[in-house]
Amino acid sequence: VDDVPARSAEEKADPEQAVIAVNGELLNWRRYTWVMLNKPAGYLSATEDGRGATVLDLLPQDLQRQGLFPVGRLDKDTEGLLLLTNEGGLAHDLLSPRHHVDKEYYVEVAGRLTEADCRAFAQGLSLGDGLECKSAELRLLEDGSRAHVTLREGKFHQVKRMFQAVGKEVIYLKRLRMGTLILDENLGIGEYRPLTKEELEKL
Ligand code: URA
């Protein structure tokens, strides 16, 4: 502990202040756990659900025991970046509309997207049910049936409802980014990893 050998199990140290090493390896202790999951389709963004598998089922027992919960929700059929943590305060801030954390998705639709759709997204769509969307950025990929869309809010099924409002049905949806945090392309579907120190600091 701080370069002094600990000689007794009774010794106390503050893991947030002291530099602690075990057999020469630094102990990377953290009060809170943050993991990035590449969510597969077919899993609910919930901690428990009587009706089906949840994203917690994709994590090993030791992480499940730490009281992690998903930071926001992806629909059951949506894939991609989902954060899980047990740090309620920061999770709440990330989701709060006041902080405008933008979220970027890759989307495939039935039909062809047009420049007019891009303008409609940029102007702020009105959904039939009364929701007035903030300006969103729609970037078309080559063939027009695929795009990247960036939102600064996250209402229930919002991406799907926005595309529906321009007459296009979403057939595949994947979240790529939340604020500064980009889905690690080395994570296969269903795989997870802890956030790095740098990622957490930026968050
Ligand atoms: N918008 C949707 O419609 N679904 C999601 O899972 C996320 C954003």
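Counting starts at 1 for both ligands and their atoms, in listed order. These figures come from a predicted structure and were not determined experimentally.
For atom 4 (N) of ligand 1, the closest non-hydrogen atom on the protein side is Asp75 OD2, 2.7 Å. Here the protein heavy atom with the shortest distance to atom 8 (C) of ligand 1 is Tyr105 OH, 3.5 Å.
Polar contact check, Lys160 against ligand 1: a nitrogen or oxygen pair lies under 3.5 Å apart. Taking only nitrogen or oxygen atoms, main chain and side chain alike, His157 reaches within less than 3.5 Å of ligand 1. For a threshold of 3.5 Å applied to N or O pairs, the pair formed by Val159 and ligand 1 contains at least one separation below that value.
A donor-acceptor pair under 3.5 Å is absent between the side-chain atoms of Lys103 and the main chain of Arg175, judged by distance alone. Gln66 contributes no side-chain N or O that, together with a main-chain N or O of Thr33, makes up a donor-acceptor pair within less than 3.5 Å. Remark: the backbone N or O of Asn186 is paired with a side-chain donor or acceptor of Asp184 at under 3.5 angstrom. Arg139 places no side-chain N or O within 3.5 Å of a backbone atom of Leu141 that could act as its donor or acceptor partner.
At a heavy-atom cutoff of 4.0 Å, ligand 1 is contacted by no atom of Val170, backbone or side chain.
Set against the non-hydrogen atoms of Gln158, the atoms of ligand 1 under 4.0 Å away are 1 (N), 2 (C), 3 (O). Every atom of ligand 1 with a heavy atom of Thr78 under 4.0 Å away is listed here by number and element: 4 (N), 5 (C), 6 (O).
For the residue pair Glu104 / Tyr106, no side-chain donor-acceptor distance below 3.5 Å is found, with atom types taken as modelled.
Under the 4.0 angstrom criterion for non-hydrogen atoms, Phe156 is not in contact with ligand 1.
Within 6.0 Å of OH on Tyr43 lie no more than 12 heavy atoms contributed by other residues, nucleotides or ligands.
Side-chain rings of Tyr105 and Tyr172 stay apart, their centers remaining 6.0 Å or farther from each other.
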